[in-house]
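All values reported here derive from a predicted model rather than from experimental measurement.
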Amino acid sequence: MADYRVEPGTGIAGRLRVPGDKSISHRALMFGAIASGTTHVTGFLEGEDCLSTMQAVSKLGVTVHRPGQGEVRVEGVGLHGLRAAGSMLDMGNAGTAMRLFMGLMSPQPFDSELVGDSSLMRRPMERVAKPLRSMGAQIETQDGRPPVRIRGGAKLHGIHYDMPVASAQVKSAVLLAGLYAQGDTTVVEPAVTRDHTERMLQSFGVEVFARGGTVTVRPPTRLEATSIAVPGDFSSAAFFIVAACIGAREPVVIEGVGVNPTRTGLLEMLALMGADLRLVNHRSAGAEPVADIEIRPARLHGVRIPERLVPLAIDEFPAFFVAAACADGETLVTGAEELRVKESDRIAVMARGLDAVGVRNEVLPDGLRIEGGPIGGGVVDSHGDHRVAMSFAVASLRATAPIEIRDVANVATSFPGFAGLARSVGLKLEERA
Ligand code: S3P
């Protein structure tokens with residue numbers, strides 16, 4: 001089992017780029033697969049999660065070329081051109097892949113079975129199966145969890161779905177199934193979630209109407225292949241944003257990061273704590289806004305996080321909890337029960353990790369109370385959660401003794417090259433196989 005050992009830091013500095021956005025890379029492959037023509041993707045995230053999606057679309061009969069680093073060419077087979085995989089589709093650690101494929105496989109004329117690694121096999125899938133069934137899909141889960149078995153040949157009809165949880169994965173699965181349904185499909189979100197599906201479907205020529213948390217998709221006759229430039233992943237940049245807030249020696253600049261407002265809640269949360277952050281050099285990569293993020297060190301103070309920001313920062317809480325540990329006073333996060341069903345139970349696992357390095361905290365059913373203060377050394381078990389592992393690597397910048405982080409191999413699911421990049425800006429991180 002791979003581990004990190006991170007020595008207390010003397011600070012970070014420099015300009016860096018992070019790998020491509022995971023959410024956008026998954027979608028580029030899936031939508032490219034069912035488009036007519038060849039979709040060209042640059043900046044593709046070559047992390048294990050997106051490679052699981054790539055393997056799945058290949059098994060479904062789609063040719064995918066990889067002409068160079070981060071470059072992918074998807075030879076779309078058209079809306080009705082996918083073929084039976086012939087064996088189980090293995091989604092690895094990727095919840096996004098499994099949930100979006102549930103939407104995409106439901107209207108196909110063939111049966112499919114979706115499985116994943118031990119973490120994914122524990123995650124809830126009924127939240128997706130339920131609305132898909134109400135569209136006419138035939139789906140079985142096992143006590144609500146994978147394996148997910150989908151019977152082919154179902155004829156779907158459009159629905160109006162009031163989503164009980166704020167989940168972009170559920171929304172996207174329903175919209176994908178809606179591409180094949182009879183009539184329009186509408187999803188109403190209880191809170192705004194990432195809108196990459198809506199933006200990208202429009203780039204493929206699909207009519208999608210989105211306003212005030214209500215999204216409607218009109219079934220198209222075809223998706224037109226396109227070119228997609230994937231921006232840097234804000235969720236990967238988050239580790240270096242927090243690292244710079246708590247430990248920059250001089251300004252740190254992260255270049256070419258996707259700053260879609262449905263993803264950047266962390267910036268607002270850190271600004272509330274007194275962080276010194278600036279977005280500069282605004283541009284766009286197709287349908288997505290991109291900027292460079294400049295961070296200067298600042299003294300952070302504890303805050304109560306407004307619950308409306310939770311879905312806009314849903315993947316950034318492990319890193320944010322480290323920022324809270326370095327702030328003066330108490331930080332309170334509530335309304336974040338979704339963290340319990342991520343790659344790990346991120347409330348419980350982060351709380352145990354904070355305990356291990358001497359940061360006082362109190363676990364709440366739907367969040368965490370953290371008392372900022374000194375960070376000691378210790379041994380942290382990431383429970384195979386990539387974002388927990390990277391967050392405690394960042395915590396080393398304020399630690400008084402080495403932090404050992406167990407079970408870090410899954411960092412490669414979202415952030416290949418994290419350790420090298422972290423070292424290049426000044427983290428004293430050693431990897432052990
Ligand atoms: C994602 C949506 C989020 C997020 C996940 C990626 C997506 O999940 O946590 O990492 O690409 O749609 P939920 O929609 O379940 O909150």
Indicate every side-chain donor-acceptor pair of residues 50-57 with a distance under 3.5 Å to a residue at least two apart or in another chain.
{"residue": "Ser52", "atom": "OG", "partner": "Glu48", "partner atom": "O", "Å": "3.1"}
{"residue": "Thr53", "atom": "OG1", "partner": "His26", "partner atom": "ND1", "Å": "2.8"}

Quick note, side chain to side chain donor-acceptor pair (under 3.5 Å) partners involving residues 31-45, not counting sequence neighbours, are Thr38-Glu75
Test: salt bridge (charged side-chain N to carboxylate O under 4.0 Å, His left out). Region: residues 93-115. Which pairs qualify, not counting sequence neighbours?
Glu113-Arg149
Please set out all donor-acceptor pairs under 3.5 angstrom arising from side-chain atoms of residues 85-93, sequence neighbours excluded.
{"residue": "Ser87", "atom": "OG", "partner": "Lys59", "partner atom": "NZ", "Å": "2.7"}
{"residue": "Asp90", "atom": "OD1", "partner": "Gly92", "partner atom": "N", "Å": "2.9"}
{"residue": "Asn93", "atom": "ND2", "partner": "Asp117", "partner atom": "OD2", "Å": "2.9"}

Which residues pass the ring pair (Phe, Tyr, Trp, His ring centres under 6.0 Å) test with His157, sequence neighbours left out?
none
Results of side chain to side chain contact (heavy atoms under 4.5 Å, CB included) for Ala275 - residues two or more places apart only
Cys245, Leu270, Leu277, Leu300
Checking Phe320 now: which residues fulfil ring pair (Phe, Tyr, Trp, His ring centres under 6.0 Å) with it, not counting sequence neighbours?
none
Which residues pass the ring pair (Phe, Tyr, Trp, His ring centres under 6.0 Å) test with Tyr180, not counting sequence neighbours?
His80
Looking at residues at least two apart in the chain, or sitting in another chain, which of them share a side chain to side chain contact (heavy atoms under 4.5 Å, CB included) with Val425?
Ile12, Leu16, Phe240
Hits for salt bridge (charged side-chain N to carboxylate O under 4.0 Å, His left out) against Glu126, two or more places apart or cross-chain, chain-then-number order -> Arg133
Hey, could you give me each pair passing ring-ring contact (aromatic ring centres under 6.0 Å, His included) that has a residue in residues 110-139? Not counting sequence neighbours.
none
List for me each residue that meets ring pair (Phe, Tyr, Trp, His ring centres under 6.0 Å) alongside Phe317, sequence neighbours excluded, and say none if there are none.
Phe321
More than 12 foreign heavy atoms under 6.0 Å from CZ of Arg299: is that the case here?
no
